[in-house]
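Note sheet for the following structure.
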Number of protein chains: 2
Amino acid sequence: MRLVVARCAARYTGRLAAHLPLATRLLVVKADGSVLLHSDGGSYKPLNWMSPPCTMAVVAPDAEAVERGVTAVWCVQHTKSDDRLEIDLHEVLHDSQHELGVDPGLVKDGVEAHLQALLAEQIQLLGDGHTLVRREYPTAIGPVDILARDAGGASVAVEIKRRGDIDGVEQLTRYLELLNRDPHLSPVRGVFAAQEIKPQARVLAQDRGITCLVLDYDAMRGVDDVASRLF
Amino acid sequence: MRLVVARCAARYTGRLAAHLPLATRLLVVKADGSVLLHSDGGSYKPLNWMSPPCTMAVVAPDAEAVERGVTAVWCVQHTKSDDRLEIDLHEVLHDSQHELGVDPGLVKDGVEAHLQALLAEQIQLLGDGHTLVRREYPTAIGPVDILARDAGGASVAVEIKRRGDIDGVEQLTRYLELLNRDPHLSPVRGVFAAQEIKPQARVLAQDRGITCLVLDYDAMRGVDDVASRLF
DNA sequence: TGTTCAATGTCGCAA
DNA sequence: TTGCGACGTTGAACA
């Protein structure tokens with residue numbers, strides 16, 4: 001990711017035609033080539049941008065542009081359409097480059113969070129004699145959905161998904177690797193729990209010694225309702 | 001605007017609940033207090049954000065968080081709702097501050113651009129004997145829509161809007177101030193042209209010696225069609 | 001891969 | 001302020 005703060009002007013043509021008068025702005029060039037042009041206010045939407053896939057060419061300004069104070073022109077061209085963003089750079093106030101790596105992405109805690117709460121209440125669904133240690137057990141790479149102990153006192157890490165895909169198994173694998181380094185917990189067994197577990201995910205989980213558990217959301221809510229009515 | 005690159009994790013609660021596992025990301029704190037949390041790919045939409053109006057408090061992490069490697073926690077609270085974004089900072093790789101100033105904002109060249117083209121063709125609408133110098137006459141603060149000369153050879157700068165508001169008069173005023181510094185052009189007279197001119201804008205324009213011109217888009221297109229049919 | 005639908009939608013305009 | 005519609009919508013789930 002490249003961060004540039006510069007006095008600049010810009011023109012966009014594509015779905016519509018628009019331009020930005022000269023002002024100081026933040027330019028972000030992401031690893032995939034996409035470009036964002038932000039002002040120092042407003043919402044998260046940039047003033048202008050180019051979505052990936054796209055390529056950027058830095059070209060020298062023509063004589064007239066030089067006359068106006070343009071030092072360089074960024075031509076950002078979309079690869080699959082004729083969307084085009086041209087940025088006239090006047091004065092560069094900051095320019096830095098950063099390695100960020102891939103991002104695990106946002107996790108929305110909707111049904112998934114509810115499933116987690118229900119399973120925490122009904123921890124015996126993991127097997128007789130299981131006890132809850134805690135929900136959202138923190139690790140360096142993010143919280144594990146549930147940490148429990150089985151009847152024999154051994155640790156069990158549970159990853160919960162609405163739809164159980166390979167990604168979820170990979171995620172649980174990373175958690176297990178980390179948790180098993182902790183002598184207070186090790187050995188930690190893994191349980192992959194989801195409303196629906198895809199065949200590929202099931203195969204991968206079994207290959208790694210991870211237990212699969214299909215959760216019946218409606219049944220679990222029913223038990224919860226019954227339990228609630230008792231109080 | 002503050003730019004921070006850091007290994008971080010985040011939690012959002014408000015319209016929904018969501019969290020971001022630990023990864024290296026770009027954090028942008030805008031002058032209005034809004035916060036963006038960007039990964040190094042994807043579209044212009046941040047992974048997570050807080051819209052203005054909001055306030056940020058930097059708090060010390062609790063013992064458990066320190067254990068996980070958290071060095072600081074940013075609590076960003078929306079002022080008018082209970083939307084809340086908490087960012088756990090682990091390692092700060094970059095931190096810089098920049099003064100950007102206010103942004104003139106995006107100008108969409110739709111009807112406005114068409115009006116400009118039509119008026120350039122029908123420049124006599126400014127008055128008999130007027131001649132076009134050029135459209136998009138460049139200045140340091142952006143292009144003037146139309147530069148023309150009147151029957152006597154004096155310069156005329158035209159600002160075109162679909163809806164003529166006070167902002168447009170202010171904009172034209174800035175252009176005139178700049179253009180009048182150029183001895184080759186000065187004195188430059190201003191014309192504020194729009195499909196509809198708001199009373200307040202008209203008063204301000206007249207006060208500054210700027211001529212108001214109401215443009216009849218349909219009529220101008222009609223003339224254009226007739227002219228086109230001649231060829 | 002294309003299509004449909006929700007969104008922490010956002011944004012702009014009119015009443 | 002509030003409501004409504006458009007968006008360079010984006011993003012996810014489903015066929």
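Naming: A, B, ... by sequence-line order, numbering from 1 per chain. Fair warning: this is a prediction, and the values are worked out from it, not measured in the lab.
Rounded to an integer number of Å, the gap from NZ of A:Lys161 to C1' of D:dA13 is 15 Å. One atom, NE2 of A:His78, and another, C1' of D:dT10, lie 13 Å apart when rounded to the nearest Å. Per the geometry, CG belonging to A:Asp167 stands 11 Å off P belonging to D:dA13, to the nearest Å.
The side chain to side chain donor-acceptor pair (under 3.5 Å) test applied to A:Arg202 returns no partner, not counting sequence neighbours.
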* Just by protein heavy atoms under 4.0 Å, how would nucleotides 10-15 of chain C read 5' to 3' in B, S and -? -> SS--S-
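Residue A:Leu85 is out of contact with every strand shown, counting any heavy-atom pair closer than 4.0 Å. Residue-level contact check: A:Met50 touches the bases, meaning some heavy atom is under 4.0 Å from a base atom.
Judged by distance alone, with hydrogens and angles left aside, the side-chain atoms of B:Asp165 form no donor-acceptor pair with the main-chain N or O of B:Asp167 at under 3.5 Å. A donor-acceptor contact shorter than 3.5 Å is absent between the side chain of B:Asp95 and the backbone of B:Val4. At distances below 3.5 Å, at least one donor-acceptor pair connects side-chain atoms of B:Tyr175 with backbone N or O atoms of B:Pro143.
Toward the 5' end of DNA chain D, the nearer of the two residues B:Lys80 and A:Leu106, judged by each one's closest nucleotide, is B:Lys80. Each of A:Gly14 and B:Pro46 was matched to the nucleotide of DNA chain D holding its nearest heavy atom; the match closer to the 5' end belongs to A:Gly14.
Under 3.5 Å, the side chains of A:His19 and B:Lys108 contain no donor-acceptor pair of N or O atoms.
The pair B:Arg208-B:Glu170 meets the salt-bridge criterion, since a charged nitrogen lies less than 4.0 angstrom from a carboxylate oxygen.
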